[in-house]
Amino acid sequence: MTPMLELKNFHYSYGAIHVLKGISMYVEQGETVALIGSNGAGKTTTLRAISGLIPVKGMQNEILFNGTPIQGLAANRIAALGIAHVFEGRHVFKKLTVAENLAAGAYLRKDAKGVAEDIAAVYRRFPRLEERQTQLAGTLSGGEQQMLAIGRALVAKPKIILFDEPSLGLAPLIVKEVYEAIKVIKNEGATILLVEQNSKLALNTANRAYVLKNGEITISGSSADLLNNEDVKSAYLGAK
């Protein structure tokens with residue numbers, strides 16, 4: 001069976017700095033896969049390359065979506081294929097209202113009734129967004145902005161969602177709420193690629209995971225296996 005998303009021997013450099021050194025990974029339809037590692041390992045670069053937010057060229061830079069190469073496509077074309085990206089730091093449209101941000105997530109869709117139903121579903125999932133739907137997104141708390149960013153991605157009705165550090169900068173109680181929402185989305189059958197520096201949180205959410213270290217995949221396997229791996233526990237889970 002062809003994976004929904006696959007990187008094969010993927011390299012990426014910023015000038016002379018070789019950030020990704022031939023990584024290979026895949027995400028099957030309906031599974032949640034985590035990419036963990038320390039700061040500077042190349043996690044965000046991987047997601048940005050998939051989304052077309054950084055230029056990708058060359059035969060050694062193969063990114064496949066449902067078996068079709070997408071490297072080199074413009075970001076809007078990649079989004080139109082069904083790849084949604086929830087960015088590190090939220091990146092909501094601060095001068096638009098909550099309702100306008102959600103509507104912006106559906107800019108590629110033509111089914112007005114379906115869009116309205118999906119926005120209503122976001123409000124059910126995040127009641128605080130419904131309470132604040134006429135409020136400017138820039139005036140929301142960090143947690144509310146993260147909920148809005150997730151909701152905006154869901155309204156796009158994507159085939160896969162890329163999450164980049166969804167817990168970053170949030171209070172522990174808000175992190176718990178955000179991850180409960182991600183787990184619900186996962187259990188509803190969504191396909192997710194999750195980048196998260198909180199490795200324990202990521203592994204407790206994902207089905208499988210890859211460890212990225214200095215631009216290379218060093219360990220991969222089921223989340224349960226990685227949670228019990230002594231090297232992973234020592235380096236990423238705070239265990240000695």
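Positions are given from 1, in the same order as the sequence printed here. Quick caveat: nothing in here was measured; it's all calculated off a predicted structure.
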(request) Evaluate salt bridge (Lys or Arg N to Asp or Glu O under 4.0 Å) for Glu180 paired with Arg125, printing each intermediate quantity in order. (result) CA-CA 10 Å; Glu180 283 174 354; Arg125 194 184 304 278; over 6 Å; no
(request) Determine, stepwise, if the pair Asn207 / Lys186 fulfils side-chain contact (heavy atoms from CB on, under 4.5 Å). (result) CA-CA 10 Å; Asn207 305 107; Lys186 169 194 171 185; 3.8 Å; yes
(request) List the steps and the verdict of side-chain contact (heavy atoms from CB on, under 4.5 Å) for Thr191 and Val27. (result) CA-CA 8 Å; Thr191 306; Val27 184; 3.6 Å; yes
(request) For salt bridge (Lys or Arg N to Asp or Glu O under 4.0 Å), just list the numbers for Asp118 and Arg109, CA-CA rounded to whole Å, side-chain angles, deciding distance to a tenth of an Å, and then say yes or no. (result) CA-CA 11 Å; Asp118 288 339; Arg109 294 178 60 180; 2.7 Å; yes
(message) As a quick check of understanding, evaluate side-chain contact (heavy atoms from CB on, under 4.5 Å) for Asn198 and Leu168, giving each step before the final call.
(response) CA-CA 9 Å; Asn198 185 330; Leu168 188 69; over 6 Å; no
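Lys21 places a side-chain N or O within donor-acceptor distance of the main-chain N or O of Asn214, the cut-off being under 3.5 Å. Remark: side-chain polar atoms of Lys43 are not paired, donor with acceptor, to backbone N or O of Gln197 under 3.5 angstrom. At least one donor-acceptor pair closer than 3.5 Å links the side chain of Glu144 to the backbone N or O of Ser141. A side-chain donor-acceptor contact under 3.5 Å links Gln71 to the backbone of Ile63. With hydrogens and angles disregarded, no donor-acceptor distance shorter than 3.5 Å links the side chain of Glu216 to the backbone of Lys213.
In this structure, a donor-acceptor pair under 3.5 Å is absent between the side chains of Glu31 and Tyr26. In this structure, a donor-acceptor pair under 3.5 Å is absent between the side chains of Tyr210 and Thr218. For the residue pair Ser222 and Asp225, a side-chain donor N or O sits within less than 3.5 Å of a side-chain acceptor on the partner. In this structure, a donor-acceptor pair under 3.5 Å is absent between the side chains of Ser24 and Asn9.
When the side chains of ILVMFWY residues are joined at heavy-atom separations under 4.5 Å, either directly or via intervening members, Leu193 and Leu201 end up in two distinct hydrophobic clusters. A chain of hydrophobic side-chain contacts below 4.5 Å, direct or via other Ile, Leu, Val, Met, Phe, Trp or Tyr residues, connects Phe126 to Leu148. No single ILVMFWY cluster, assembled from side-chain heavy atoms under 4.5 Å apart, contains both Ile78 and Phe163. Transitive grouping of hydrophobic side chains (ILVMFWY, heavy atoms separated by less than 4.5 Å) keeps Tyr236 and Tyr179 in distinct clusters. A single hydrophobic cluster is not seen to contain both Phe93 and Leu102; linkage of ILVMFWY side chains at heavy-atom distances under 4.5 Å, directly or through other members, places them apart.
Inter-residue side-chain proximity for Ile217 and Val211 is flagged as unmet; no heavy-atom pair is nearer than 4.5 Å. Inter-residue side-chain proximity for Leu81 and Thr68 is flagged as unmet; no heavy-atom pair is nearer than 4.5 Å. Within the 4.5 Å cutoff, the side chain of Leu136 has heavy atoms near those of the Thr139 side chain. By the 4.5 Å heavy-atom criterion applied to side chains, Glu100 and Thr97 are counted as neighbours. Taking 4.5 Å as the limit, every side-chain heavy atom of Leu53 sits out of range of all side-chain heavy atoms of Leu47. For the pair Thr46 and Val195, the minimum side-chain heavy-atom distance is 4.5 Å or more. Looking only at side-chain heavy atoms (C-beta outward), Thr2 and Asn66 stay at 4.5 Å or farther from each other. For the pair Glu28 and Met4, the minimum side-chain heavy-atom distance is 4.5 Å or more.
Closest approach of Gln145 to Ala137, counting heavy atoms only: NE2-O, 3.3 Å. Ala149 approaches Val92 most closely through the heavy-atom pair N-CG1, 4.1 Å. The two residues Ile161 and Pro158 come nearest to each other via the heavy atoms CG1-CG, 3.6 Å. Between Ala202 and Ala34, the closest heavy-atom pair is CB-CB, 4.0 Å. When all heavy atoms of Gly42 and Leu212 are compared, the pair lying nearest together is C-CD2, 3.4 Å. Of all non-hydrogen atoms in Leu170 and Gly143, the two that sit nearest each other are CD2-N, 3.6 Å.
For the atom pair Glu62 CD and His11 NE2, the distance stands at 12.0 Å (nearest 0.5 Å). Taking CD1 from Ile83 and NZ from Lys159, the interatomic distance works out to 9.0 Å, rounded to the nearest 0.5 Å. Of the inter-residue distances, the one linking Asn229 atom CG with Leu203 atom CG reads 10.0 Å to the nearest 0.5 angstrom. Put simply, CD1 on Ile192 and CG on Leu5 are 13.0 Å apart, with the number rounded to the nearest 0.5 Å. For the atom pair NZ (Lys183) and OG1 (Thr205), the distance works out to 4.5 Å, reported to the nearest 0.5 Å. Note that CG of Leu226 is 9.5 Å distant from OG of Ser199, once rounded to the nearest 0.5 Å.
Between Lys233 and Glu230, at least one side-chain nitrogen of the basic residue sits less than 4.0 Å from a carboxylate oxygen of the acidic one, meeting the salt-bridge criterion.
Under the 30°/60° scheme for interplanar angles, the aromatic rings of Tyr12 and Phe10 are found to lie parallel. Aromatic ring orientation, His85 versus Phe87: parallel (interplanar angle below 30°, classes split at 30° and 60°).
Evaluated for a side chain to side chain donor-acceptor pair (under 3.5 Å) with Ser167, the options Lys176, Glu196, Gln146 yield exactly one hit, Glu196.
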